[in-house]
Number of protein chains: 2
Amino acid sequence: MTPWTAVNSEGYEAPAALAVDTVVLTVRDGELLALAVRRDDGALALPGGFVGAGERPEATARRKLREKTGLRRSYVEELGAFADPGRDPRGWIPSIAHMALVPPDTVAADPNALWIRARGRRRLAYDHRAILRAAVARMEGKLWWSNIAVGILPGAFTMSEARRVYEAVAGLRYDGATFARDLKGTGLVVATGARRSEGRGRPASLYRFALRTPAWGAGHRKRVSAT
Amino acid sequence: MTPWTAVNSEGYEAPAALAVDTVVLTVRDGELLALAVRRDDGALALPGGFVGAGERPEATARRKLREKTGLRRSYVEELGAFADPGRDPRGWIPSIAHMALVPPDTVAADPNALWIRARGRRRLAYDHRAILRAAVARMEGKLWWSNIAVGILPGAFTMSEARRVYEAVAGLRYDGATFARDLKGTGLVVATGARRSEGRGRPASLYRFALRTPAWGAGHRKRVSAT
DNA sequence: GAAATAGTGTCTGTGAGACATTATGGG
DNA sequence: CCCATAATGTCTCACAGACACTATTTC
């Protein structure tokens with residue numbers, strides 16, 4: 001295959017296209033999962049596509065996310081640019097990497113899409129393993145300082161549900177009592193007043209995030225260790 | 001002026017170019033400063049340029065930094081992509097924004113370059129004010145968790161010098177004794193054993209960063225308030 | 001009532017912030 | 001000698017982590 005090329009109206013070589021690749025993350029059964037797409041040649045890649053002329057890259061990310069999962073209002077944030085020469089064998093194609101967070105019950109609408117372990121060692125096409133690693137690192141770093149988990153947790157959730165998500169993302173175990181105290185202390189969540197019974201045991205109070213848009217909690221001590 | 005355009009070999013519209021814009025930061029007289037370049041039309045802009053085919057964007061940033069300041073080995077990190085349509089009137093030109101940190105004695109080699117207040121309200125061309133704001137926010141957020149200040153402080157520095165830089169970046173005042181204790185506690189700096197007399201007062205011990213490459217300190221409490 | 005899960009109360013170690021005190025130089 | 005700055009020591013408050021104990025539900 002001959003690589004794609006482009007020349008601009010000034011006569012200089014230009015990028016052949018601008019791509020967006022998205023790390024779609026969720027938590028299921030205590031594990032951090034990422035969405036991958038099996039290409040025609042069998043290789044796995046992150047969901048992505050080309051930015052259209054006049055389109056914002058985040059809009060491209062949301063468009064592709066909708067195609068693969070059907071979701072319309074997910075948390076999406078930019079990870080950074082991946083533009084090293086040779087990253088895409090098709091030619092000079094910089095990619096703006098994004099990270100999206102989706103609820104655990106999200107089904108892969110695309111038949112070629114599947115969930116893989118975000119911390120696994122699966123091979124991915126292009127430089128997509130580096131992008132995946134960047135997303136996991138970003139997620140770990142921001143978890144306690146923002147309402148980033150809003151994208152994974154449902155509208156109302158129990159402290160135990162939230163704890164399992166936080167544990168999966170951070171790769172740590174938290175004490176239930178301490179976790180609830182600290183998460184409430186961030187000011188990012190509020191009690192709904194409702195309760196939910198989950199099989200055996202005392203019903204749990206339900207909480208929701210005070211904001212469903214990006215926000216930061218008050219200054220709290222960095223979480224470095226856990227039970 | 002007619003906008004630049006580009007079409008790739010597949011027949012689709014492509015970006016007219018890939019740009020890099022760099023926020024060059026330093027601290028002088030207790031103030032956080034950024035390098036700006038006066039264009040022919042009189043407007044101020046961040047130093048930047050186009051990424052060459054086969055060039056890594058960070059290499060472009062370093063190349064332009066060298067042209068404007070003569071510096072070769074500065075701390076440079078990526079801020080993110082700025083690619084909204086219409087951000088550049090010349091056409092579809094995404095920009096990979098970078099942040100560079102340079103010592104206070106850096107002179108602007110380019111006669112059109114000047115230092116402006118990073119937190120000031122000067123108008124900048126394109127979307128460069130947004131890029132500048134992103135750089136200041138990144139700097140504030142990372143200061144205590146990394147040796148990012150390595151780019152601004154000289155090879156050997158006193159705790160007072162370091163404190164003035166940290167204060168300018170964070171926009172806060174720190175207690176001298178507490179600052180020294182905490183900075184030493186990060187494990188990012190080591191004492192050289194030498195001392196330096198600065199006019200009146202007891203001579204100060206000199207320190208240097210243990211690493212001059214990007215690194216993170218141990219988990220420490222977030223600095224949210226100060227004296 | 002037993003088991004399971006939710007939630008409360010409390011103790012402790014650590015570290016940030018503040019500040020008093022001592023040390024050591026220059027004018 | 002006086003002043004200025006550096007460095008040390010220490011007190012206190014807040015909070016993370018741990019864990020004992022109570023509460024409320026299902027089986």
field: Separation of C:dA4 C1' from A:R196 CZ (nearest whole Å)
entry: 17 Å

message: Distance check needed: C:dG17 P versus B:R173 CZ, whole Å only.
response: 15 Å

- prompt: Tell me, for nucleotides 22-27 of chain D in 5' to 3' order, what letter each nucleotide earns: B for a base near a protein heavy atom under 4.0 Å, S for only sugar-phosphate near one, - for neither?
  reply: -BBBBS

- prompt: Quick one: A:E161 CD to C:dT5 P, roughly how many Å, whole number?
  reply: 14 Å

task: Round to the nearest Å and state the distance from B:D175 atom CG to D:dA7 atom P.
output: 14 Å

Separation of atom CH2 in B:W145 from atom C1' in C:dA16, rounded to whole Å: 11 Å

message: Just N and O in the side chain of B:K184: are any of them under 4.0 Å from OP1 or OP2 of D:dT8?
response: yes

- prompt: In chain order, what residues pass the ring-ring contact (aromatic ring centres under 6.0 Å, His included) check against B:H98, with sequence neighbours excluded?
  reply: none

- prompt: When all nucleic acid strands are considered with a 4.0 Å heavy-atom cut-off, which category describes A:S160: base, sugar-phosphate, or nothing?
  reply: sugar-phosphate

message: Assuming nearest nucleotide by heavy-atom distance, tell me which of A:R181 and A:Y207 is located more 5' along DNA chain C.
response: A:Y207

field: Rounded interatomic separation in angstrom, taking CH2 from B:W144 and P from C:dA16
entry: 8 Å

task: Would you please name every residue forming a salt bridge (charged side-chain N to carboxylate O under 4.0 Å, His left out) with B:R62, sequence neighbours left out?
output: B:E58

task: Sort and list the pairs that fulfil salt bridge (Lys or Arg N to Asp or Glu O under 4.0 Å) and have at least one residue in residues 97-106 of chain B, not counting sequence neighbours.
output: none

query: Roughly how many Å is it from CZ in A:F179 to P in C:dA6, rounded to a whole number?
result: 12 Å

Which atom pairs, one a donor and one an acceptor, fall under 3.5 Å between side chains of residues 155-166 of chain A and the rest of the protein, sequence neighbours left out?
{"unit_1": "A:T158", "atom_1": "OG1", "unit_2": "A:S160", "atom_2": "N", "d": "3.4"}
{"unit_1": "A:T158", "atom_1": "OG1", "unit_2": "A:E161", "atom_2": "N", "d": "3.1"}
{"unit_1": "A:E161", "atom_1": "OE1", "unit_2": "A:T158", "atom_2": "N", "d": "3.0"}
{"unit_1": "A:E161", "atom_1": "OE1", "unit_2": "A:R196", "atom_2": "NH1", "d": "3.4"}
{"unit_1": "A:E161", "atom_1": "OE2", "unit_2": "A:R196", "atom_2": "NH1", "d": "2.7"}
{"unit_1": "A:R163", "atom_1": "NH1", "unit_2": "A:E167", "atom_2": "OE2", "d": "3.3"}

query: Within a reach of under 6.0 Å around CZ of B:R117, are more than 12 heavy atoms found that belong to other residues, nucleotides or ligands?
result: no

task: Mind calculating the distance between CG (A:L206) and C1' (C:dA6) to the nearest angstrom?
output: 12 Å

- request: Give one of base, sugar-phosphate or nothing for A:A180, where a contact means two heavy atoms less than 4.0 Å apart.
  value: nothing

message: The criterion is side chain to side chain donor-acceptor pair (under 3.5 Å); which residues satisfy it with B:D110, sequence neighbours excluded?
response: B:K68

